[in-house]
Amino acid sequence: MNDPTPVPTPPRPRNPRGSLLLGVACAWGMLIGGYIVISLFAGLLGNGDNAAVIVVMLLPWVGIVALIVWFARRGQPRTAGGVAIGLASIFAVALLLVAACFGILAGNWH
């Protein structure tokens, strides 16, 4: 019994311009991961009235903008665009959550 030898499929070439999905994942990962790490150290900086806490809490947002610049300089405009789309989706989710909270608070509490 001779089994036919399978023809190997060539590997799919990577897009040198980057990936939109990778950019969106990087944006969300930077925000969520950044705030996880920062929340571990924010208690060490003060009780909330310290300006250093506010600056540290802005670092994930600065990191997302830095990712856009970094991917654009590396010649991956699709990934940089994906990070920008991820940033826009973060703002959209925040807007929807705020609108939902106002909708709940505006309801009839009788």
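In terms of modelled atom types and a separation under 3.5 Å, the side chain of Ser19 and the main chain of Thr79 share no donor-acceptor contact.
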Below 3.5 Å, can you tabulate the donor-acceptor pairs from side chains in residues 85-106 to any protein atom, sequence neighbours excluded?
residue : atom : partner : partner atom : Å
Ser89   : OG   : Trp28   : NE1          : 2.9
Ser89   : OG   : Gly86   : O            : 2.7

Could you tabulate the donor-acceptor pairs under 3.5 Å formed by side-chain atoms of residues 53-75, not counting sequence neighbours?
residue : atom : partner : partner atom : Å
Trp61   : NE1  : Tyr35   : OH           : 2.8

